[in-house]
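Since the structure comes first, as structure tokens, the remarks are kept for the end.
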Protein chains: 2
Amino acid sequence: MPRRPTSRDVAVAAGVSQSTVSIVLTGKWPGRVSPHTAQTVREAATRLGYRPNLAARNLRLGQTRTVLLVVPTLANPFFGAVYTGAARVAAEHGFGVVVYPWPDGHGPARSPFSAPHEAIDGVLASSMATEVLADLVGQDTDMGVPLVMLDSDPAGAAPTVNVDVADGMRALVGHLAGLGHRRFWHLAADIDAWTFRVRGRALADAVTALPDGATLVRRTAPITVEGARAATRVWLREAGRVGSDRATALLCDDDVMAAGAYKAARDTGLDIPGDLSITGFDDILLAEAVEPELTTVRLPAQGLGERAMSALLEILDKGRPRGLSLAGELVVRASTAPPRAVRD
Amino acid sequence: MPRRPTSRDVAVAAGVSQSTVSIVLTGKWPGRVSPHTAQTVREAATRLGYRPNLAARNLRLGQTRTVLLVVPTLANPFFGAVYTGAARVAAEHGFGVVVYPWPDGHGPARSPFSAPHEAIDGVLASSMATEVLADLVGQDTDMGVPLVMLDSDPAGAAPTVNVDVADGMRALVGHLAGLGHRRFWHLAADIDAWTFRVRGRALADAVTALPDGATLVRRTAPITVEGARAATRVWLREAGRVGSDRATALLCDDDVMAAGAYKAARDTGLDIPGDLSITGFDDILLAEAVEPELTTVRLPAQGLGERAMSALLEILDKGRPRGLSLAGELVVRASTAPPRAVRD
DNA sequence: TATGACTAGTTATACGTATGACTAATCTTG
DNA sequence: CAAGATTAGTCATACGTATAACTAGTCATA
């Protein structure tokens, strides 16, 4: 049973010392070894199929040049884009990125300290609560793994990179107001996540800031197609009974909920956008697939990943950088139109 | 500048030897240490905020109890479900799973051997080509990292866990044939991936197996909403000119393409499913969101992940297991109906 | 009380790598 | 040609952990 070859095996095969093998293969010492010897070593390494033991290297160097990206789930392609951005920047600096989706129920409660993902130099955490990360990062934030949060509450201890939701929301509300809308409904996510709290606040602010009197009413629903559908249907039916109460524009906390709202509108016999303008948030694939195509706000997920990784690498080098934010971009599609009153 | 505490620091603080700390904290030696001493050690560890150095442990143990899940992209939520299944099974055995999305362009061409993701015991690769994995797994398959493929060509060297697409496809075609359809179009993905080759073959076989003469025509399109829309629109227009040539059912290689086909049908003034039944494949979120809801085949992604992880753990224990396959499940929704001829 | 078994630890060592310190040989230069 | 500088390597060591092998003390049994 042949063990995996070590640098010592390569040294023996090449007739040199283990140090020489290391010097040749790391390539950090130009001119320390004659071209001839170097060639011999490299050939031996190839012949034996040598691959360095990363655990040993990591131990020796005290670093892994690997960053962990912690995300709540992989069901949402948003995080795929975050990864892409982060990985691009990391690669430029010789770092790798590995993704750790948060284990939903069956958490990391194995042995007292067997988090398998700790052989890393830093952590990027997207859309997570700081408390949740406590055991991963180390309670005493002084000496724990360097951490940068993104799309998260900037009030925490870690540097944060966020989307300027207020900006995107102002653009969205401005677009609707420009079309003539004055009565807004907000279909809000029924979970207590920072992301959605911020969206709610930004929406309220944007409506309040409108010049002439505009109204905003909020209801919550689950972040699923069916959940949003049910909640919206009830809402529309109730509003139908009392008459003019119904909003002309329905702003949903995310695109999935907007898809549910579409169904509810049709269930109730309403035309989109004729009778009801509907908007989403995120701009996932679905936004383009539904009919009519959904007006939404595109989050710069890739940019978030890039900025966050830059910040983390900066920390790994020197001190702590400040928080940053990027603007969301309004994407106008077919699900928004002037309200009947304006057109008639 | 305080270093991160080691087990030796804990030992000093607790007034015992480093071995004792190790014995207490691994917990593998019940009764080797008195409850009192154990308590003292644990307190010291907590007080100092000790967290074991994983690189050192990995080096010592020769294993990491971590498995890498390699996926082509995170844009497709399918892989999120694969992860969930794999992580569940892994956790039961004290393993962790970390995800490595294949870096699109800017590959792992850093230093000669600095793949950051190699401190792992095994690899699960989903929907990838074996050649692509070569450098990750090690050329000489004898001594490389144990590998299990899923949703991949079973002709390769590694054990494979697959979806029995033929089964799902037979169910799908059977459903359509039962509704009265005889003329089928196949909108195929224009990339040369094993997954799609198999779908194409399974579809052809299923149609051929139909009792009375049924026809199947294939065209390719990009796997995007707009790509599929354009291709389908051209197809429908051409068929329109020559009359009865048009199929009554359009089977798409995946749900995203079906969304494009929806748009093309509407562009052409066709009713779904009245004039044209459309089906997808995968059952992603979008399938439920579009109008009418999409008839499709649900892939048991989570089950795939579970089975593949089981197989990998089995390899890590003993020898090699055989390939396995799971059945896809037909999900009938509203996008399929009898063709006009049958209803009239 | 002598002997073996058990208890509760300690000592010593190896995992595989990277690198500072050392050395021997060759080269350069006044 | 002597002496410093350069070249091309080797030697020794440390990173932090887990565990096999050992030891000293205690207990039970005959």
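On a predicted model such as this, the values are computed, not experimentally measured, just so you know. Numbered from 1 within each chain, the chains take letters A, B, ... in sequence-line order.
Annotation: of the two residues near DNA chain C, Leu59(B) and Gln18(B), the 5′-most nearest-nucleotide partner is Gln18(B). Between Arg8(B) and Val16(A), it is Val16(A) whose nearest contact on DNA chain D lies nearer the 5' terminus.
Although no hydrogens or angles enter the test, the distance criterion places a donor-acceptor pair under 3.5 Å between the side chain of Thr160(A) and the main chain of Ala158(A). When atom types are taken as modelled, the side chain of Ser152(A) and the backbone of Leu150(A) share a donor-acceptor pair closer than 3.5 angstrom. Remark: the backbone N or O of Thr64(A) is paired with a side-chain donor or acceptor of Asp121(A) at under 3.5 angstrom.
Contact between the side-chain N/O atoms of Lys28(B) and the OP1/OP2 oxygens of dA18(D) is not found at any separation under 4.0 Å. Put simply, Ser22(B) has no side-chain N or O that comes within less than 4.0 Å of OP1 or OP2 on dT17(D). Put simply, Ser7(A) has a side-chain N or O that comes within less than 4.0 Å of OP1 or OP2 on dT17(C). The side chain of Arg57(B) contributes an N or O atom lying less than 4.0 Å from OP1 or OP2 of dA18(D). Between Ser17(A) and dT10(D), a side-chain N or O to OP1/OP2 separation shorter than 4.0 Å is present. Between dG16(C) and Arg60(A), no contact under 4.0 Å exists linking OP1 or OP2 to a side-chain N or O.
Checking dT19(C), dG16(C), dT10(C) against the side-chain heavy atoms of Ile23(B) singles out dT10(C) as nearest. In this structure, of dG16(C), dA18(D), dA12(D), it is dA18(D) that holds the atom nearest to the side chain of Thr26(B). The side chain of Ser19(A) has dA12(D) as its nearest neighbour among dT17(C), dA12(D), dA18(D). Nearest to the side-chain atoms of Leu61(A) among the listed nucleotides dT19(D), dT17(C), dT19(C) stands dT19(C).
Residue Thr20(A) is in base contact, counting any heavy-atom pair closer than 4.0 Å across all strands shown.
Partners of Arg197(B) according to the side-chain hydrogen bond (donor to acceptor under 3.5 Å, both in side chains) rule, which considers only residues two or more places apart in sequence or in another chain, are Asp192(B). Looking at residues two or more places apart in sequence or on another chain, you find no side-chain hydrogen bond (donor to acceptor under 3.5 Å, both in side chains) involving Gln302(A). In this structure Ser127(B) satisfies the side-chain hydrogen bond (donor to acceptor under 3.5 Å, both in side chains) test together with Asp151(B), sequence neighbours excluded. With sequence neighbours left out, Ala14(A) forms a side-chain contact (heavy atoms from CB on, under 4.5 Å) with Val16(A), Thr40(A), Val41(A), Ala44(A).
You'll find the side chain of Val24(B) stays beyond 4.5 Å of the side chain of Thr37(B), heavy atoms only. Considering only heavy atoms from C-beta on, Leu304(A) comes within 4.5 Å of Phe78(A) through its side chain.
When rounded to the nearest whole Å, the span between CZ of Arg65(B) and P of dA18(D) equals 13 Å. In this entry the distance linking CD of Gln63(A) with P of dC15(D) reads 16 Å, nearest Å. One can place CZ of Arg51(A) at 16 Å from P of dG16(C), the figure rounded to the nearest angstrom. One can place CG of Leu54(B) at 13 Å from P of dG16(D), the figure rounded to the nearest angstrom. We find that CG of Asp9(B) is positioned 13 Å from C1' of dC15(D), with the value rounded to whole Å.
In the region residues 29-37 of chain A, proximity to DNA chain C at under 4.0 angstrom, judged on heavy atoms, holds for Trp29(A), Arg32(A).
In DNA chain D, consecutive stretches of 3 or more Watson-Crick or G-U wobble pairs with both distances under 3.5 Å are given as paired ranges: C:1-30 with D:1-30.
Donor-acceptor pairing under 3.5 Å is lacking for the side chains of Ser22(B) and Ser19(B).
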